[in-house]
Amino acid sequence: MAAETVVLKVAMSCEGCAGAVRRVLSKMEGVETFDIDLKEQKVTVKGNVKPEDVFQTVSKSGKKTSYWEGEATAPAAPAPAAEAVPSAVEEAPAAEAAPAPAPAPAPAPEITPAEADA
């Protein structure tokens with residue numbers, strides 16, 4: 001896996017919050033370096049990591065986490081031109097963040113009087 005840079009926006013209001021993020025990242029396999037900017041609420045992670053894995057790991061800190069707007073997390077993904085982006089694309093991340101509907105619970109099995117006595 002090639003070295004990757006992942007940039008996240010993480011809701012951190014104090015050094016304790018930054019410490020929680022620091023703890024989970026320091027335990028993550030493949031992380032070479034990371035920078036936590038408390039003022040900008042920006043976390044930059046470099047290493048042999050997958051963006052989704054970094055996102056999941058930082059989310060474990062309990063802090064609201066999202067990908068940083070305007071910075072690519074995957075080096076292979078070309079940045080689209082600003083004029084070419086339709087306004088519908090701006091709404092797409094909100095749709096992705098919506099939770100999936102929960103599956104309906106399975107019905108309870110019926111117990112006949114004969115099974116109850118067994």
Side-chain angles (χ1 to χ4, degrees):
M1 179 183 297
E4 184 103 36
T5 299
V6 182
V7 184
L8 301 172
K9 181 171 182 69
V10 183
M12 300 175 289
S13 58
C14 64
E15 275 301 324
C17 297
V21 173
R22 191 174 293 114
R23 276 189 296 279
V24 295
L25 285 175
S26 64
K27 295 176 186 176
M28 185 176 178
E29 192 173 319
V31 172
E32 294 169 4
T33 63
F34 61 86
D35 179 63
I36 299 173
D37 185 334
L38 184 59
K39 182 180 176 191
E40 294 291 323
Q41 297 192 5
K42 183 176 187 179
V43 176
T44 305
V45 180
K46 295 179 183 179
N48 295 321
V49 293
K50 294 179 184 172
E52 184 60 30
D53 292 346
V54 175
F55 182 92
Q56 293 298 326
T57 297
V58 173
S59 294
K60 288 179 186 176
S61 69
K63 306 300 166 200
K64 182 179 177 189
T65 305
S66 60
Y67 289 105
W68 191 266
E69 295 279 328
E71 294 202 31
T73 57
E83 311 86 47
V85 178
S87 61
V89 171
E90 294 174 7
E91 297 176 25
E96 291 171 5
E110 286 190 38
I111 299 177
T112 61
E115 291 174 334
D117 293 336

**Student:** Taking side chain to side chain contact (heavy atoms under 4.5 Å, CB included) as the criterion, tell me which of Leu8, Val45, Val6 meets it with Phe55.
**Tutor:** Leu8
**Student:** Compare every heavy atom of Arg23 with every heavy atom of Ser26, then report the nearest pair and how far apart it is.
**Tutor:** OG-O, 2.9 Å
**Student:** So which atom in Pro51 and which in Glu4 form the shortest heavy-atom distance, rounded to 0.1 Å?
**Tutor:** CG-OE2, 3.8 Å
**Student:** Could you list the residues that satisfy side chain to side chain contact (heavy atoms under 4.5 Å, CB included) with Glu32, not counting sequence neighbours?
**Tutor:** Asn48
**Student:** Which heavy-atom pair separates Leu38 from Ala18 by the least distance, and what is that distance?
**Tutor:** CD1-CB, 4.4 Å
**Student:** Can you run down the side chain to side chain donor-acceptor pair (under 3.5 Å) pairs that involve residues 52-65, sequence neighbours left out, and say none if there aren't any?
**Tutor:** Glu52-Gln56, Glu52-Tyr67
**Student:** Short question: side chain of Gln41, backbone of Met12 - any donor-acceptor pair under 3.5 Å?
**Tutor:** yes
**Student:** State, to 0.1 Å, how close Val54 and Leu25 come at their nearest heavy-atom pair, and which atoms those are.
**Tutor:** CG1-CD2, 4.5 Å
